[in-house]
2 protein chains.
Amino acid sequence: MKRDSRLSGVLHVLLHMAEADAPLTSENLARAMQTNPVVIRRILAGLRDAGFVRSEKGHGGGWTIARDLAAITMRDIYDAIGRPNLMAMGNRTEAPGCLVEQAVNAALDESFRDAEALLLDRFERVTLAELAADFHARMAARGIHAEEHVHG
Amino acid sequence: MKRDSRLSGVLHVLLHMAEADAPLTSENLARAMQTNPVVIRRILAGLRDAGFVRSEKGHGGGWTIARDLAAITMRDIYDAIGRPNLMAMGNRTEAPGCLVEQAVNAALDESFRDAEALLLDRFERVTLAELAADFHARMAARGIHAEEHVHG
DNA sequence: GTTTCACGTACTATTTAAAGTTACATGAAA
DNA sequence: TTTCATGTAACTTTAAATAGTACGTGAAAC
């Protein structure tokens with residue numbers, strides 16, 4: 001089963017935006033993420049509607065962070081991209097008539113529910129400011145200057 | 001993201017086999033699972049190699065459980081079907097050169113690792129005997145006799 | 001004001017993983 | 001020796017996600 005990398009991708013993009021002091025275009029970001037500008041716009045559209053980023057058209061336009069990084073958690077971003085499934089497994093049938101299947105589903109559901117709750121709780125506890133700090137720490141550990149972190 | 005239902009499906013099949021007092025053919029099981037006999041054989045092949053079920057050819061042949069249900073956990077079955085991904089999300093890139101991405105991945109990985117560990121621990125604690133008992137309880141609650149549980 | 005730039009989005013195409021199917025070989029029981 | 005059932009390789013279909021194209025809207029530069 002292929003894994004969804006949208007959350008990872010969006011967080012990546014947001015941190016790059018946070019580092020930049022001017023708006024970044026979809027094309028800039030697409031290059032950094034090795035994808036298509038339209039894909040970037042699509043995914044950032046949800047974040048814009050949720051108020052986490054702003055977009056401007058025309059010359060000098062592009063994407064900027066709309067809030068303090070310390071006020072955005074990974075959970076916020078997860079919600080803003082539409083709360084995609086966290087668990088790779090599901091039940092064969094929802095609302096099964098077969099009692100055997102009901103018993104199986106009940107056991108699996110309980111475990112998955114708990115694992116999801118754990119994950120969401122973790123997401124809630126991590127702010128983008130903390131991710132940015134971790135990034136800066138990694139840069140410092142490598143003796144790299146801030147201007148050099150950009151892709152490509 | 002579509003969810004993998006193999007674990008749910010295999011557990012379902014195994015409990016049906018456990019209820020039956022004669023071998024069940026791939027065709028029987030396929031009808032119960034609303035799928036194709038070859039799909040059943042494919043998925044049970046792994047369980048046979050792991051020693052959880054037996055298969056017999058020819059007249060009166062089919063599939064039977066090879067061990068006491070109390071000695072098989074959901075974790076065993078999970079392992080036997082090849083330990084498919086539990087988490088629906090992954091990192092955009094393995095071994096990223098980008099430090100921003102490293103920081104993001106580190107945060108996500110930690111959470112996912114913990115959630116996986118929780119799930120596997122839960123799987124380990126549930127035996128097929130317990131699932132079967134739950135199934136029987138559901139039957140009793142509905143006033144259904146054992147012979148009537150069969151699909152189709 | 002018109003050209004350039006950048007987002008907005010509907011629509012289409014590609015990719016990819018899972019599932020289903022066919023075909024035929026093997027082996028056991030009737 | 002016929003029938004039944006699994007074993008498995010090869011191929012086809014399907015469904016979802018992702019990528020890409022085309023064109024519209026609006027803002028800044030010239």
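Chain letters run A, B, ... following the sequence lines, proteins first, then strands; residues in each count from 1. Here the structure is a predicted model, which is why all the values come from computation and not from measurement.
- The CD atom of A/Glu56 sits 14 Å away from the C1' atom of C/dG8 (whole-angstrom rounding).
- Distance CG (A/Asn36) to P (D/dA22): 12 Å, rounded to an integer number of Å.
- When rounded to the nearest whole Å, the span between CD1 of A/Ile43 and C1' of C/dC7 equals 16 Å.
- Between the side chains of B/Glu101 and A/His16, no donor N or O sits under 3.5 Å from an acceptor N or O.
- Under 4.0 angstrom from either OP1 or OP2 of D/dA5 there lies no side-chain N or O belonging to B/Ser55.
- Toward the 5' end of DNA chain C, the nearer of the two residues A/Val38 and A/Gly61, judged by each one's closest nucleotide, is A/Gly61.
- Between B/Leu44 and B/Leu29 there is a side-chain heavy-atom pair separated by less than 4.5 Å.
- Side chain of B/Lys57, nearest nucleotide from C/dA19, D/dA19, C/dG27: C/dG27.
- Atom CG of A/Asp4 is separated from atom P of D/dA15 by 21 Å (rounded to the nearest Å).
- Every residue meeting the salt bridge (charged side-chain N to carboxylate O under 4.0 Å, His left out) condition with A/Glu124, not counting sequence neighbours, appears here in chain and number order: A/Arg75.
- Panel note: side chain B/Glu130, backbone B/Thr127; a donor-acceptor pair is recorded below 3.5 Å.
- Atom CZ in B/Arg31 sits about 17 Å away from atom C1' in C/dG20, given to the nearest Å.
- If you check the side chains of B/Asp114 and B/Ser111, you find no donor sitting under 3.5 Å from an acceptor.
- Taking atom CZ of residue A/Arg48 and atom C1' of nucleotide D/dG26, one finds them 13 Å apart after rounding to whole Å.
- Remark: the B/Arg42 side chain and the C/dT21 base include a donor-acceptor N/O pair separated by less than 3.5 Å.
- One finds a side-chain N or O of A/Thr35 lying less than 4.0 angstrom from the OP1 or OP2 phosphate oxygen of D/dA19.
- Evaluation of atom-type donor-acceptor distances gives no pair under 3.5 Å for the side chain of B/Arg3 against the base of D/dA16.
- Remark: C1' of C/dT21 and CZ of B/Arg41 are 12 Å apart, rounded to the nearest angstrom.
- Across all strands, B/Gly60 comes closer than 4.0 Å to no nucleic acid atom at all (heavy-atom distances).
- When the P atom of D/dC30 is taken as reference, atom NE2 of A/His59 falls 7 Å away, rounded to whole Å.
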